[in-house]
Amino acid sequence: MSASSSPGTRAPSGTNLRALSDDLAGAVERAGRSVVAIHARPRIPASGIYWRDGVVVAASHTIRKEQDIAVTLADGTRAQAQLVGRDGGTDIAVLRFDSAPTAKALTLADRAADDALRVGSLVLAVGRPGDGGVTASLGVISTVGERWRTWSGGEIDRFVRLDLAVYDGFSGGALVDAEGSVLGVNCSALARGTPLTIPNATVERVVDALLTRGHVARAYLGVAMQPVRLTRSLAERLKLSETAGGVLVVMVESDSPADRGGLLVGDVIISADGHDMAEPQDVAELLGAERVGGKLELRVVRGGELKNLSLTVGERGQAGDARRRGARS
Amino acid sequence: MTSALAVALAESPLHASVAAELEDLAARLRRITVRIHTSGGRYDGVGAGVLWPATSGRLVVTNEHVLPPRRGDAAFVESVDRSVIEARVVARDRDHDLALVSLPDLPDAWLAPATIGDARAIRVGEIVVALGHPFGVGGALSLGVVHAAPNGDDALLAADIRLAPGNSGGPLATLDGAVVGINCMIARGLGIAISSQVVARFVSEAMTEP
């Protein structure tokens with residue numbers, strides 16, 4: 001029997017595929033030094049990334065306990081960590097080690113620049129679904145889109161969809177390029193199982209918020225809405241365009257910013273801060289975290305007449321998150 | 001993923017050299033990979049097998065589930081040139097899903113025993129290929145990466161690679177063409193192979209038994 005070429009040796013020139021293979025294995029090795037396994041749910045552990053000194057980033061949906069979470073480090077040893085905070089909107093959770101691991105056991109993730117996300121580039125999903133070592137799958141970035149809002153209200157800087165297979169340990173693991181630099185945190189729970197990556201910039205923003213405040217601020221009005229079209233005669237009478245539409249308020253939560261601002265069930269919001277509103281999503285898009293405490297000027301149709309309302313944007317409570325999902329803002 | 005990679009490679013100036021590497025690799029693996037018919041019928045029980053190097057005898061390794069005991073010990077083995085010879089199962093290992101087939105009438109023209117690699121030296125992320133007959137398609141090559149390294153006595157190698165029925169018993173190989181495993185199943189989308197050292201142990205034990 002003859003053995004295969006020893007690992008780690010560089011392929012001779014002219015064997016480009018072998019050189020790529022070496023690069024990919026090297027990238028996994030490098031990234032693997034920053035990827036941990038998090039034992040915070042029954043059965044299969046999830047992955048996490050060593051993001052800052054003493055701080056690990058994970059996928060929130062994989063964290064089912066908050067205290068004394070066992071974490072398998074890159075060298076196979078275990079350490080203990082506590083949950084610092086989580087943001088269901090972006091599915092990011094932050095854990096802090098009880099005592100920071102040594103550089104030998106775990107190294108901080110080397111992060112790629114944000115413009116490194118390119119459609120078609122070869123990428124690896126690196127995870128650690130337990131004590132058995134690091135795992136990898138190969139694919140390409142299939143979409144790099146604009147800023148988007150998840151179904152649970154989180155704001156993510158770029159929509160990054162992947163064309164690769166999702167295995168155990170994918171969520172919370174690292175998306176890495178052929179050099180082993182981290183492009184983002186992988187997650188399969190934000191878009192019906194589609195493999196996505198939360199880009200570094202979003203992770204940084206959420207980690208900052210969770211470390212300083214323990215939660216991510218999100219603007220909140222306390223209304224449920226649905227799109228409606230106005231009749232032509234009403235549009236003409238109110239001197240609106242013929243195709244005018246708006247969003248119908250179908251529910252106002254008691255004592256919410258919308259309630260205090262005088263918004264009523266049955267009002268049709270036709271504009272907000274001067275922008276036409278046609279879908280509930282249009283309202284949601286005006287409600288970034290920076291709006292909390294600020295004014296939102298609404299133009300509504302009530303009883304066939306135009307009316308202007310001024311609302312003070314509130315902050316969404318953490319406990320109510322699960323009940324306030326969907327088209328409500 | 002495989003098709004997307006193909007597109008990426010086709011647009012790359014490296015394409016010609018990479019394609020040549022893969023063509024050469026596929027040709028080498030086709031010479032060591034046979035097709036196994038268990039009942040003589042064309043598509044009834046088609047699997048793959050690897051011409052395994054041995055000091056004595058002419059041998060093919062495949063999966064036990066390709067040649068289950070209930071079908072008897074006779075097997076029909078087809079080479080890359082489509083000639084078929086009759087062979088006999090000489091050993092089975094149900095626990096590791098391995099079977100050893102002896103081909104006393106193996107023509108010399110077939111003799112191109114596999115180069116065996118060390119599955120313990122394989123690196124996660126390294127490119128690997130599989131050759132087999134997925135859904136009866138002969139001599140098909142698939143490409144992927146090592147998903148998880150076998151650690152300790154772990155007999156199984158997991159690869160992020162697309163396999164299908166018909167790949168069973170075929171080789172999982174490095175880019176050097178060294179066989180590091182025998183493909184045996186698909187688990188949650190992962191290609192699972194029995195690592196080469198387990199196969200080698202099975203073969204040597206089978207050959208020393210009286």
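Chain letters run A, B, ... following the sequence lines, proteins first and then strands; every chain starts at 1. Model, not experiment: these values are computed from the prediction.
Chosen from B/V179, B/I127, B/L25, the residue pairing most often with chain A at heavy-atom distances under 4.5 Å is B/I127. Residue with the most contacts toward chain B among A/S21, A/G26, A/G32: A/S21 (heavy-atom pairs, distance under 4.5 Å).
At least one side-chain heavy atom of B/E86 sits less than 4.5 Å from a side-chain heavy atom of B/F76. The shortest distance between side-chain heavy atoms of A/L162 and A/L196 does not fall below 4.5 Å.
When each of A/L190, A/V166, A/T62 is checked for a side-chain contact (heavy atoms from CB on, under 4.5 Å) with A/S171, only A/T62 meets the rule.
Looking at B/V146, the atoms closer than 4.5 Å to chain A (heavy atoms on both sides) all sit in the backbone: N, CA, C or O. Only the side chain of B/V145 comes within less than 4.5 Å of a heavy atom in chain A; its backbone stays farther off.
Around the CZ atom of B/R94, the shell of radius 6.0 Å holds no more than 12 heavy atoms that belong to other residues, nucleotides or ligands.
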